Amino acid sequence: MHDPRVLLDPATEAVRKLARRGYVLDVAALESLLAARNSAIQKGDALRAEGKKIAAAVKGASAEERPALVARAKELKAEAAAQDEAQQAAEVQLNELLLGIPNLPLDELPDGSTDADAELVRVWGDKPEFDFAPRDHVDIGEALGIIDLTRGVKLSGPRFSVLRGQGAKLHRALGQFFLACAEEHGYTEVAVPTLVTPTTMTGTGQLPKFAEDLFKTGVGDRELYLIPTAEVPVTNLHAKETLPLEDLPLAYTALTQCFRSEAGSYGRDTRGLIRQHEFAKVELVRFADPAKSREELEVLLSHAEDVIRRLGLHHRVVKLAAGDIGFSAQITYDIEVWLPGQQAYREIASASDFGTFQARRAGIRTKAKDGTRGFAATLNSSGLPLGRTLVAILEQNQQADGSVRVPDALIPYTGFAEIKPE
RNA sequence: GGAAGCGUGGCAGAGCGGCCGAAUGCACUCGCCUUGAAAGCGAGCAGUGGGAAACCACUCGGGGGUUCGAAUCCCUCCGCUUCCGCCA
């Protein structure tokens with residue numbers, strides 16, 4: 001959420017910046033709602049101030065004076081209540097408008113609104129060469145007996161899957177490996193709920209706009225959402241808290257299940273493990289001094305890149321176009337891993353700087369030594385998703401005989417160096 | 001799920017209808033003192049909103065009510081603690 005004053009300040013260039021992502025800012029509506037709210041506050045405050053003075057005077061007033069004072073106090077109270085109503089009405093509309101305005105993309109982002117418009121930052125490693133026709137992870141995994149899509153569908157419907165034997169073990173090893181990397185990079189591991197309140201979802205920006213992307217549960221009168229990413233509970237860890245500025249940056253990591261309805265992606269990636277309703281992911285979250293968030297993003301990105309490099313997976317890093325970044329982000333890098341089975345680079349991690357956008361919604365404040373207050377910057381990156389990484393390993397490390405080589409870094413975690421048919 | 005009790009500033013803890021945004025202690029910040037530190041002394045020290053500022057308003061778990069006036073009285077919700085029940 002934005003500070004409406006900052007948004008209205010011409011120096012912010014909010015209209016131009018939001019236009020880059022296809023959002024038309026209604027300046028007039030914003031101005032009039034803000035003015036209506038502030039004027040109601042001022043009038044209400046003045047009425048209350050007078051009311052307080054009269055109340056204090058009642059005590060010392062004579063019996064003759066008293067009735068008139070009490071009557072006046074009652075009048076003022078009613079008038080103040082009317083202003084309160086006006087204020088609330090304006091505030092509700094103002095908030096509704098503000099909650100729907102996306103973050104401002106940084107000027108350094110390339111123009112455009114699709115992944116094709118992204119700017120190539122760097123490429124790591126070489127495309128693996130095969131002296132046979134590389135298969136995709138479904139063919140490889142089903143032949144090895146480690147991926148069972150049919151039974152996943154039997155249990156839960158489309159976009160669910162079952163991993164088996166060495167596949168399940170490799171998956172679990174990835175989680176352990178990613179967490180170990182994160183710990184090495186200085187992140188504190190947290191185990192958090194995967195079921196959260198609407199308020200928590202609003203703090204990071206999933207609600208109110210993207211309810212259709214989420215799985216929702218209801219028991220009695222309680223309404224809880226399944227998290228689409230650990231970003232949600234981990235970022236909200238410090239919601240409604242004030243963090244000493246000198247304690248920043250704070251770095252957290254969590255391994256959680258993630259749940260996404262994938263509404264609007266019908267027919268896309270229907271094959272295999274690429275797009276599932278439920279998947280596991282290690283997430284990295286940083287809370288930073290907003291003045292330093294841009295540098296922090298590079299640090300965060302380097303941590304995600306380090307993990308995928310250790311696995312020896314060929315990938316590239318791109319900076320997303322202004323119109324392609326998420327609602328709450330002001331800049332996003334994607335790490336795209338090469339999938340020989342698709343002959344394409346596919347997103348495996350996304351590292352974003354949200355500036356103070358989420359912190360304003362969630363109430364994550366900072367206090368400097370000199371007493372200056374503000375909002376924290378929040379950042380996050382995948383570090384990494386277990387399923388898509390497993391896909392990349394199967395496809396990049398497949399052998400002519402159908403077996404798959406386990407990356408050296410993972411062997412201590414899997415206990416085997418090779419996946420072979422049972 | 002049933003019963004009782006409790007929720008006040010970073011913490012502890014007074015206050016129980018106007019003198020209370022709130023005593024006191026601890027912690028913290030700044031200054032004095034000191035070779036340095038501790039101790040001691042002095043000052044400061046909740047947040048949010050409005051305002052250019054002076055300053056004003058709001059907040060004693062949340063919401064609502066009674067009253068000219070509520071941290072204090074009433075209702076309700078939430079949370080915590082203890083006892084019972086159930087349970088991985």
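Small disclaimer: the values here were computed from a predicted structure and weren't measured.
In this structure, the NZ atom of A:K43 is 18 Å from the P atom of B:C58, given to the nearest Å. A:Q83 places its CD atom 16 Å from the C1' atom of B:G49, with the value rounded to the nearest Å. Rounded to whole angstrom, the span from the CD atom of A:Q87 across to the C1' atom of B:C56 amounts to 14 Å. Atom P of nucleotide B:A57 and atom CZ of A:R37 are separated by 18 Å, given to the nearest angstrom. The CD atom of A:Q88 sits 11 Å away from the C1' atom of B:G63 (whole-angstrom rounding). Between the C1' atom of B:U48 and the CZ atom of A:F375 lies a distance of 10 Å, rounded to the nearest Å. Summarising the geometry, the separation between CG on A:N38 and P on B:G49 is reported as 11 Å, rounded to the nearest angstrom. Remark: P of B:C68 and CZ of A:R66 are 11 Å apart, rounded to the nearest angstrom.
Among all heavy-atom pairs drawn from A:A36 and A:A90, the shortest one is CB-CB, 4.1 Å.
Counting any heavy atom pair closer than 4.0 Å across all strands shown, A:K74 reaches sugar-phosphate atoms only and no base atom.
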Kindly give the atom pairs (protein nitrogen or oxygen, nucleotide nitrogen or oxygen) under 3.5 Å for nucleotides 76-79 of chain B.
none

Listing time: all N or O pairs from protein to nucleotides 52-55 of chain B that are below 3.5 Å?
none

Give me the distances for all protein-to-nucleotides 45-47 of chain B N/O pairs that come in under 3.5 Å?
| unit_1 | atom_1 | unit_2 | atom_2 | d |
| --- | --- | --- | --- | --- |
| B:G47 | OP1 | A:R373 | NE | 3.0 |
| B:G47 | OP1 | A:R373 | NH2 | 2.5 |

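For residues 181-194 of chain A, the set of pairs meeting the salt bridge (charged side-chain N to carboxylate O under 4.0 Å, His left out) definition, not counting sequence neighbours, comprises A:E184-A:R310.
Within a 6.0 Å sphere centred on CZ of A:R360, heavy atoms belonging to other residues, nucleotides or ligands number more than 12. Shown here is A:E96, whose CD atom has no more than 12 heavy atoms of other residues, nucleotides or ligands within 6.0 Å.
Nearer the 5' end of RNA chain B, as judged by each residue's closest nucleotide, is the contact made by A:A46, out of A:V58 and A:A46.
For residues 47-56 of chain A, proximity to RNA chain B is found at A:R48, A:A49, A:K52, A:A55, defined as any non-hydrogen atom under 4.0 angstrom from a strand atom.
Not counting sequence neighbours, the partners of A:E241 by the side chain to side chain donor-acceptor pair (under 3.5 Å) test are A:H238.
When the C1' atom is used for both B:G9 and B:U24, the distance is 13 Å, rounded to whole Å. One C1' atom belongs to B:U76, the other to B:U66, and the distance between them is 15 Å to the nearest Å. Taking atom C1' in both B:U72 and B:U8, one finds a spacing of 11 Å when rounded to whole Å. B:C19 and B:G1: their C1' atoms are spaced 48 Å apart (whole Å). On the P atoms, B:G13 is 33 Å away from B:C56, given to the nearest whole Å.
Checking side-chain atoms of A:S113 against main-chain N and O of A:G323 turns up no donor-acceptor pair under 3.5 Å. For the pair A:T253 (side chain) and A:E283 (backbone), a donor-acceptor distance under 3.5 Å is present.
A:K367 NZ to A:E246 CD: the interatomic distance, rounded to the nearest 0.5 Å, is 10.0 Å. How far CD1 of A:I227 is from CZ of A:F215: 13.5 Å, rounded to the nearest 0.5 Å. Summarising the geometry, atom CG belonging to A:D148 is positioned 9.5 Å from atom CG belonging to A:L163; distances are rounded to the nearest 0.5 Å.
The base of B:G51 is not paired with the side chain of A:D45 by any donor and acceptor separated by under 3.5 Å.
If you run salt bridge (Lys or Arg N to Asp or Glu O under 4.0 Å) between A:R286 and each of A:E231, A:E295, A:E296, only A:E296 comes through.
Across all strands shown, B:C33 has no partner, as no Watson-Crick or G-U wobble contact with both distances under 3.5 Å is found. With a cut-off of 3.5 Å on both Watson-Crick or G-U wobble distances, the partner of B:G21 is given as none. Across the strands present, B:G79 finds its partner in B:C6; the criterion is a Watson-Crick or G-U wobble pair with both atom distances under 3.5 angstrom. Pair assignment for B:G1: B:C84, on the basis of Watson-Crick or G-U wobble contacts that are both within less than 3.5 Å. Pair assignment for B:G44: B:C28, on the basis of Watson-Crick or G-U wobble contacts that are both within less than 3.5 Å.
Taking the six-membered ring for Trp and thresholds of 30 and 60 degrees, A:H185 and A:H303 have nearly parallel ring planes, at less than 30 degrees apart.
Side-chain contact between A:I393 and A:L410 is present, with at least one heavy-atom pair separated by less than 4.5 Å.
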> Can A:R294 and A:D353 be said to form a salt bridge (Lys or Arg N to Asp or Glu O under 4.0 Å), step by step?
Replying inline: CA-CA 7 Å; A:R294 187 61 188 80; A:D353 175 6; over 6 Å; no
> Would A:F177 and A:Y413 satisfy ring-ring contact (aromatic ring centres under 6.0 Å, His included), going step by step from the backbone distance to the final call?
Replying inline: CA-CA 7 Å; A:F177 172 68; A:Y413 296 90; 5.7 Å; yes
